[in-house]
Structure formats: C-alpha cells, structure tokens
Amino acid sequence: MDELGDRRMVEMSARTAATAERGPDFGLTKFLDPLPVPPVLRPRGRDAELAVRAITIRRRLHGRLPETVLWAYDGHFPGPTIEVDRDRMLRVSWTNDITGTMPLVAVRVPAAPAGTPPAELPSNNPGYPRNPDGSPADGAAHIDGVPEIPGWLVTHLHGADANGGSDGWAHNAVLRGHSHLAEYPNRQPGANLWYHDHAMAITRWNVHVGLFGAYRIRDELELPDDRDIPLLICDRNLDTDPAGNLTGRLLFKVDAIGTALVPFIGPFTLVNGVIWPHMEVERDSYRFRLANTSNARFYRLNLINEDGGSENAAVRVIGTDGGLLPRPVPLPDTGLVLAPAERADLVIDFDGFSGRSLRLTNTADNAALEPDLMQFRVRGRPGRDDFDLPDVLPAEPIRVAHVPDEHDQVWIALVPPGTAGMAHPEMWELQELHDDIPPVPAENIIQVTDPRAGRTRTFRQVASLFDDTVSIFIKHNGIVEWNFIHFGGPAHPMHIHLVQFQILARRGFTPDFDLALGGTASPATGFTDIPLEEYEHGRKDTTVVGSGEWVSVLGRFGESTGQFMYHCHILDHEDEGMMRPFVVHPAEVAEFHPHRGGHGHESYRGDAG
C-alpha cells in the first residue's frame, strides 16, 4: 500500500471504530466485523453426489453480541455455496439433523398509531414490552405454538429446472433423522440461484433461523475465484434482557392489525450472516452475486462514498435471477430495487477509490433507521489482475424464437386484505367465463378490459388456498403467459417454480375492487404501459407486482415435469395462503387426464408482445 493510501486506511478505520453517526446502532459498532464468505462445495464428476446436513449451531452475528442459536446447512450461516458446472447432474441428500425446537421468540405487538416517528416504530427496535414477571406487556403477546415447532424441513433450489420430485414440495418436509433426496440436472445457463427451506406453513420461521444458502451454476463468463463474492442480504431482530441489553436471541416481532400480522421487518441488516460487516478490497473489479433472502424487506441499493455522495457510476449490473444480461447495464441513479428472492449480479470497479471507504446502502421507502448494509475499504495498491468488462456478454436470452398465435394464458388476481372479511392478502386463480356470465358486480367475479383482445373479459375465482383443487395444468414444452393483476394492498414479489421467464409488460391501472363483495365493482381498465428497467429484460423467476399493476410474463415449460408451486415470496404471505400448485405433464398424457372444472387458464390468440 502506498504511503497516502496507508494513512487514509488508518484514518478510515479510526473513524469507523469511533462513530456510528448515520443511525442507531443499539450498542453495536458498525463495520466492526469482516465480511465472511461461506465455504464453497464443488462436487465433481458428471453424476456427482453431495450430502448436506441441517444442524443446530451457535454463532455470533456481531462481534459484540452473545451467540445466537441457529438452524444451519452443514453448520454454516448462510449455508455453504454449492458450485456446479452446467449440464452436470448433482444428486443431493438434504438430511435433517436438527435438535431442539424453533430457536426464536415470536411476538405480536399492537400496530403503532399513524404518525409515529420512525425511531419509535416497533419494527425499528429490538426487544418487546414486558411486565416485571417477564410476560409480554402493553398489548404484546407471544404467537402461540411457535416455540414448540420441531425441525421439519424440505429444501427448494430456487430458480432451478428440476423435476417435481426434487423441487421441495412444501408438504414433503421431513423430521429429524430423515432425508429429502433431490436431483439437479443444472441444464440451464450460468446463474446465481439459492436454496432455502420450503416447509408448509413455517417457511418464514425456518428461513429466519438460518436455512438458506447460495447455489452457483458456472458458465462461460467468470472472474477469478477471489473476485467472485456472494452477498446474501437479510434483516433480523434481536431480543433484549430486562436491562435492555441485546441477548443475541432471534426475535420475530410483527405488528398486529386486528387478527392479521404485518410481514416481518427488522432493524438489523446482515450480509453473509453478519450485522453491518466490512470488506477490504483492492483497486480492482469485483463480481458480487447479491440475493435478497429477507422475509419481506425490499431494498433499493446504492453505492455511497464517505460524504454521502453517489458512486453508482462504478457499478454495472451484468445479470439477474437466471443468468447474464446481453450487455452490462449501469446501476440506475435511483438505485437497484431488489425484492425478496430476487438476485442481481454486479461488477464494482474500485479503481480510483484508493484508501477510501464506500458503503452499500438501502434507500427503499421501508428502510430501517440504519440504511447501511456494509462497507468496502479500498486498499491503496492496485489489484493483481486487470479485468475489462466486455461490452457484450454471453447471455442466453429467454425470449422464445416464435410465440405461436395461440398460446396458453394463466390469470391470477392479487386481492387486498379485508376482502370478504379476510385479514390478509389473497391470491385467486381465475377461469374465464364465456357463457352463463352472472350479473355483475358479483362475489368472486373479476372483470378486466383487455386492450389487446379489445373486449372485457369476465373471470370467476376457482381456487385461492393451497389445498384447493389443482386448476392449472401445463403441457410439457408449452409456452405459457402468466398474468398477475393486483387489485390493491402491498406489492408482491411473485415467484414461479421451475421456469425462467421474461417480463413481457408492466401496466398500470386504477383498481375498483369491492372489499365487502369480494369482486370488482367495475372492470379493470385504463391500462398504461410502465417502462421496464433495463435489468428487468433478463432471465427472471421472481418479479414484483405493485398495487394497481398488471404484469405479464412468458416462459417455456420445456424440460422438467411434475407438480410445482408458485407464490408470493414475502414468506409471511406465502405461509398465510398466497401459494398454489400447478402441474406440467406431457401433452399426450393431458388428453387422457380428467380433472374438475377444466383448465384454470385460457388460450389467447394474438400478438404476445
């Protein structure tokens, strides 16, 4: 390191250790701990096998915290990064060796009144109100039954093309001493996938206590291993003792509005399992594979210097959920939005920042009081390797060569909390009515004026809960357009298992939905196109659908078959019912398969966009 760089690094470290001026730290010094990098498992051979054990561990989430009890894959939080080559089969035995019951405190607290300062919001503070005897006070209450939940696990490889038996079907979770066996053909472009627990009704808590990790498919464009870093981002809360000191115990604290629980948001941001870490980097380009592994928090990511100025010009987005983009894309001036389960492949060029520090921050509307995620400390010496990011990347576009005039469409309505007395948002599968249309408006009836078809379409709800009858059947190798229409409430990151899709369009409209009736008061109309961000044109398996938006995505279901799931990836919403199954089977079999009510999707003739 040169003399100037050496001096600036000393000054920067002193400032970091002495202050935490950009937000409350609850007694935890920001950027104290180095960023850990999960170990890498590289199974070799064309038909490799791997055994991964979920066990109970104790780890410090910050250097000044007591140990936290976690459930972790192979004893690591996050789990080890599994790295495989494209088109090489990997068989994994996911074994449950968890001891004990759910290692967190789950509490609901009354919602704060409107206008409550951010510093006083329950979600922005650790601990919860207690009486002298330790019982919850001031309207707080434990969520009954959570402490008794045993380790009941099933692992889903998010973004993978794998047959239904290997997908992590939510009801197929296993207890201690049993294993879930999965085959991953990895017959897809190089990508930043991730694996996590998917057990029915308790995914939010199983993931919360540590059951997730990165999965990397290697392909053509790579950087040296020490310049390719996973960044798994999540938020958490911690309990306190009677004196207000952090105990290290995980706290799942949520607001209660009536009988509904608002999805979890926590005041502490962790990157690779550590609260507010730092990373020392050289004056070189680094590739960072980001994954939002939070239960519900959205991030708007920006790179900031010591003075709070933007350094987004040093960042390029080179990939999304399912692989590389056709060309590097600048980080938007307003930042990169990353919803739960979304991934972003970034290259940051640290040349020109010798001896300086940069921060990765969250400026989303729902940001915690402390916006910082982590700090980069740039050494004064240049890196060992020169890397020039090419103008064109070896991406495989998701766009199918030819969209037939007639292709299947799936229609999903996302309806607001309060519909027909329901306390949480719902997801309705819709079937178009061509005959016997009831007088409208009517319960469970959705109407949409489709500008492409030039007519108003009338749909009936045919399913909403996970265990309702399956209504979506897709023919193997079929091209299917999924339409998510959001009639009010929070934004939902919608994830479809099995397939990588392209976003066809995002359209805005003003919903007219009758909560008491449980249906549209008038047809959804007046749709206007909302331009996609440049990075949204890549391969995706999760996309955000905001209130008053109609988002259409297109995918080919061309390899694997079986029964799969799609759902909102706000894990609280998923566990509360926003998850449904679908089936992919050969067209020849479909001819002989009777099922109740016919298909829950309809054909569309015309330009698919």
Side-chain angles (χ1 to χ4, degrees), residues 36 38 52-62 65-80 94-108 123 126-128 142-156 158 168 170 173-176 180 194-214 232-240 246-254 261 263-275 291-297 340-341 569-572 574-576:
V52 178
R53 297 170 58 238
I55 61 174
T56 304
I57 63 169
R58 291 179 175 271
R59 292 290 184 273
R60 294 184 187 273
L61 306 184
H62 185 279
L65 277 176
E67 290 183 329
T68 297
V69 179
L70 300 161
W71 290 352
Y73 291 105
D74 268 3
H76 299 282
F77 172 59
W94 301 100
T95 299
N96 181 356
D97 280 335
I98 294 291
T99 56
T101 55
M102 187 63 66
L104 57 74
V105 180
V107 176
R108 63 167 61 91
S123 59
Y128 60 96
H142 290 120
I143 301 176
D144 292 340
V146 175
E148 290 75 44
I149 295 174
W152 189 61
L153 321 175
V154 63
T155 301
H156 166 56
H158 183 117
V174 298
L175 292 169
R176 174 174 167 79
H180 164 233
W194 66 300
Y195 58 93
H196 61 84
D197 179 78
H198 216 305
M200 176 58 69
I202 59 171
T203 295
R204 63 189 130 173
W205 295 312
N206 281 353
V207 172
H208 198 87
V209 298
L211 291 172
F212 63 89
L232 285 79
I233 303 168
C234 64
D235 60 336
R236 295 291 184 267
N237 206 341
L238 298 170
D239 200 7
T240 56
L246 296 171
T247 66
R249 189 175 186 186
L250 290 172
L251 172 64
F252 192 90
K253 181 172 65 174
V254 290
L261 301 184
F264 172 87
I265 296 290
F268 301 101
T269 301
L270 290 74
V271 184
N272 291 356
V274 168
I275 298 172
N292 182 353
T293 64
S294 296
N295 281 44
R297 185 179 291 282
H569 221 287
I570 292 176
L571 298 183
D572 307 66
E574 172 191 322
D575 283 344
E576 290 166 355

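Given the structure is predicted, the values throughout are model-derived calculations rather than measurements.
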>> Could you report the tightest heavy-atom contact between Ile570 and Ala296, atom names first, then the distance?
In response: CG2-CB, 3.7 Å

> What are the two closest heavy atoms between Asp197 and Thr203, and how far apart are they?
Replying inline: O-CG2, 3.4 Å

> Is there a donor-acceptor contact under 3.5 Å from the side chain of Asp74 to the main chain of His76?
Replying inline: no

> Of the non-hydrogen atoms in Ala199 and Asn206, which two are nearest, and what is the gap between them?
Replying inline: CB-ND2, 3.7 Å

> Counting distance only, does the side-chain N/O of Arg58 pair as donor-acceptor with the main-chain N or O of Pro66 below 3.5 Å?
Replying inline: no

> Among side-chain atoms of Asp97 and Thr95, is any donor-acceptor pair under 3.5 angstrom?
Replying inline: no

>> Nearest 0.5 angstrom please: Leu250 CG to Asn237 CG, how far?
In response: 9.0 Å

>> For the NE2 atom of His196 and the NE2 atom of His156, what is their distance to the nearest 0.5 Å?
In response: 4.5 Å

> What residue among Asp235, Leu65, Leu246 forms side-chain contact (heavy atoms from CB on, under 4.5 Å) with Phe268?
Replying inline: Leu246

Name every donor-acceptor pair, under 3.5 Å, that has one atom in a side chain of residues 145-155 and the other anywhere in the protein, sequence neighbours excluded.
| unit_1 | atom_1 | unit_2 | atom_2 | d |
| --- | --- | --- | --- | --- |
| Trp152 | NE1 | Ala173 | O | 3.1 |
| Thr155 | OG1 | Tyr73 | OH | 3.0 |

> About how many Å separate CG of Asp575 and CH2 of Trp205, when rounded to the nearest 0.5 Å?
Replying inline: 7.0 Å

> Looking at Gly273 and Leu61, what are the two nearest heavy atoms and their distance?
Replying inline: O-CD2, 3.6 Å

> With sequence neighbours left out, what residues match Val274 under side chain to side chain contact (heavy atoms under 4.5 Å, CB included)?
Replying inline: Asp33, Pro36, Pro277

> How long is the span from the OH atom in Tyr128 to the CG atom in Asp239, to the nearest 0.5 Å?
Replying inline: 5.5 Å

> Distance from Arg249 atom CZ to Glu67 atom CD, nearest 0.5 Å?
Replying inline: 15.0 Å

>> Given 3.5 Å as the limit, does a donor-acceptor pair link the side chain of Thr56 with the main chain of Ile98, or not?
In response: no

> Among Phe77, Trp71, Phe252, whose ring-ring contact (aromatic ring centres under 6.0 Å, His included) with His208 holds?
Replying inline: Phe252

> Is there a side-chain contact between Phe212 and Cys234 (heavy atoms, below 4.5 Å)?
Replying inline: yes

>> So does Gly266 get a backbone contact from the side chain of Arg297, meaning a donor-acceptor N/O pair under 3.5 Å?
In response: yes

> Can the ring centres of His198 and His180 be said to be less than 6.0 Å apart?
Replying inline: no

